[in-house]
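Heads up: the structure comes next, in structure tokens.
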Amino acid sequence: MSAADTTTPAKPPPSRPAPPPDAVVRPRRQRTPGGAAVPWALLAPCLLVLALVMGYPLVRLVTLAFQKFGQSQLWGFQPPEAVGLANFTGVLGDGEFWAVVVRTILFAAGSVVFTMVAGMLIALLLQRVSGWVKTLVNIVLVAGWGMPVIVATTVFKWLFDSDYGVFNALLSKLPGVDMIGHNWFASGPQGLAVIMLLVVWGAVPFVVITLGAGLTQVPKELQEAARLDGAGSWGVFRHVTLPVLKPVIVMLTTLSVIWDMGVFPQVFVMRGGHPEAEFQLLTTYSYDKAFVVNDYGQGSAIALLTVLLLLGVVAVYMRQMLKIGEVE
């Protein structure tokens with residue numbers, strides 16, 4: 001037996017146990033001096049511009065809402081007189097104001113529903129067309145979205161003209177239909193329907209482009225799995241696509257409500273600068289009270305009530321977004 005056979009092989013030294021995860025030393029982030037102030041310094045120019053552009057008008061609006069302010073006060077013949085809540089009680093006690101509120105809510109609700117439905121349908125259709133068709137449609141949408149409101153309103157005013165309107169001429173070509181000379185603005189509901197169509201036409205491009213971007217984030221694997229489980233097109237949309245798009249839909253719906261309740265130039269231009277009583281919305285009603293009747297106090301009170309109404313919409317939006325964030 002050789003010496004090599006009698007030699008005991010050396011054992012390797014025992015390996016040191018790895019430290020537990022909690023004991024891992026992480027490098028500390030070095031805080032730069034004044035680091036917390038950097039974001040505020042970067043936001044300061046924007047906040048200053050917002051304070052100058054929106055702060056003073058808002059403060060002035062609140063001030064006028066609690067004052068008696070007419071032409072005499074405007075020209076300096078009499079000083080403004082504080083009247084407390086008299087402007088608000090006068091507005092809230094006026095039946096015409098509540099009729100305008102109901103009309104504005106119905107107009108905004110109809111515009112938002114048609115905008116979201118049309119935008120969703122177009123966005124879904126764009127997912128099924130070829131690339132060049134999708135690009136062409138997006139170019140048309142952006143061009144329509146970028147058209148000034150006054151230009152779009154003038155075009156719609158011509159399309160629905162009672163004597164030379166293209167829309168009446170097209171409808172008259174249908175069997176048994178004679179719309180030549182029909183005045184769409186002879187009644188409030190028909191005229192507001194035309195204005196609603198104008199608002200929807202201007203808002204759909206933004207909704208389509210935003211929803212189209214959201215549809216690209218829907219996982220294809222989930223859609224294929226839903227189809228393999230027997231779900232149809234509606235089932236895939238309801239149980240897969242819609243939950244993924246919910247934050248985008250909530251955002252677009254809230255923005256649409258705010259924009260559609262603040263519609264002014266479409267009604268003002270469509271009615272030649274003098275909207276009739278059946279065409280009055282909150283924005284035009286406030287304008288008429290302030291600049292036609294020269295009661296700036298009540299006009300400011302109506303505008304302030306409109307702002308408070310919109311703040312309620314924003315509060316609902318923030319609550320929904322917080323719920324979505326908790327779920328995620």
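- Looking only at side-chain heavy atoms (C-beta outward), Leu305 and Leu92 come within less than 4.5 Å of each other.
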**Message:** Run the side-chain contact (heavy atoms from CB on, under 4.5 Å) test on Val293 and Gln298 for me, step by step, so that the C-alpha distance in whole Å, both residues' side-chain angles and the decisive distance to 0.1 Å come before the verdict.
**Reply:** CA-CA 10 Å; Val293 185; Gln298 282 204 354; over 6 Å; no

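- In this pair, Trp234 and Phe237 present their aromatic rings tilted. The plane angle is within the 30 to 60° band.
- At least one donor-acceptor pair under 3.5 Å links the side chain of Thr216 to the backbone N or O of Ala213.
- Met196 and Ile258 fall into different hydrophobic clusters, where Ile, Leu, Val, Met, Phe, Trp and Tyr residues are linked whenever their side-chain heavy atoms come under 4.5 Å apart, directly or through other members.
- Taking the ring centroids of Phe114 and Trp201, they lie at or beyond the 6.0 Å cut-off.
- In the hydrophobic clustering (ILVMFWY side chains linked at under 4.5 Å, chained through shared members), Leu121 is joined by Val113, Val117.
- For the pair Ser172 (side chain) and Asp178 (backbone), a donor-acceptor distance under 3.5 Å is absent.
- In this structure, the side chains of Phe97 and Ile302 come closer than 4.5 Å at one or more pairs of heavy atoms.
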**Request:** Go through Glu276 and Arg271 one step at a time and tell me if the side-chain contact (heavy atoms from CB on, under 4.5 Å) criterion holds.
**Result:** CA-CA 8 Å; Glu276 297 84 353; Arg271 302 311 304 140; 2.9 Å; yes

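- Under the 4.5 Å side-chain heavy-atom criterion for ILVMFWY residues, no single connected hydrophobic cluster contains both Phe279 and Val101.
- In terms of heavy-atom proximity, Leu245 sits nearest to Leu211 at CD2-O, 4.4 Å.
- Checked by atom type and distance alone, the side chain of Ser286 pairs as donor or acceptor with a backbone atom of Gly299 at under 3.5 Å.
- Because its NZ or CZ atom is both nearer than 6.0 Å to the ring centre of Phe69 and within 45° of the ring axis, Arg60 counts as a cation-pi partner of that residue.
- Taken together through direct or relayed side-chain contacts under 4.5 Å among Ile, Leu, Val, Met, Phe, Trp and Tyr, Phe264 and Trp259 form parts of separate hydrophobic clusters.
- A continuous path of ILVMFWY side-chain contacts below 4.5 Å connects Val155 to Val194, so both sit in one hydrophobic cluster.
- Between Thr241 and Leu215, the closest heavy-atom pair is CG2-CD2, 3.5 Å.
- Using a distance-only test at 3.5 Å, with no hydrogens or angles considered, a donor-acceptor pair links the side chain of Arg103 to the main chain of Gln280.
- When all heavy atoms of Asn87 and Gln67 are compared, the closest pair comes out as ND2-O, 2.8 Å.
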**Verdict with supporting geometry, Leu141 and Phe206, side-chain contact (heavy atoms from CB on, under 4.5 Å)** = CA-CA 8 Å; Leu141 290 173; Phe206 176 75; over 6 Å; no

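- Donor-acceptor pairing under 3.5 Å is lacking for the side chains of Asp161 and Trp184.
- Here the side chain of Asp229 pairs no donor or acceptor atom with the backbone of Ala231 at under 3.5 angstrom.
- Met147 and Val137 fall within a single hydrophobic cluster, where Ile, Leu, Val, Met, Phe, Trp and Tyr are joined by side-chain heavy atoms under 4.5 Å apart, directly or via other members.
- The distance between the ring centers of Tyr296 and Phe291 falls below 6.0 angstrom.
- Thr104 places a side-chain N or O within donor-acceptor distance of the main-chain N or O of Val100, the cut-off being under 3.5 Å.
- The number of heavy-atom neighbours closer than 6.0 Å to CZ of Arg238, taken from other residues, nucleotides and ligands shown, is 12 or below.
- Taking both residues in full, the closest heavy atoms of Pro79 and Gln73 are given as O-CG, 3.6 Å, listed atom of the first, atom of the second, then distance.
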**Request:** For the pair Gln190 and Phe185, evaluate side-chain contact (heavy atoms from CB on, under 4.5 Å) and give the outcome as yes or no after the intermediate values.
**Result:** CA-CA 6 Å; Gln190 288 188 12; Phe185 298 96; over 6 Å; no

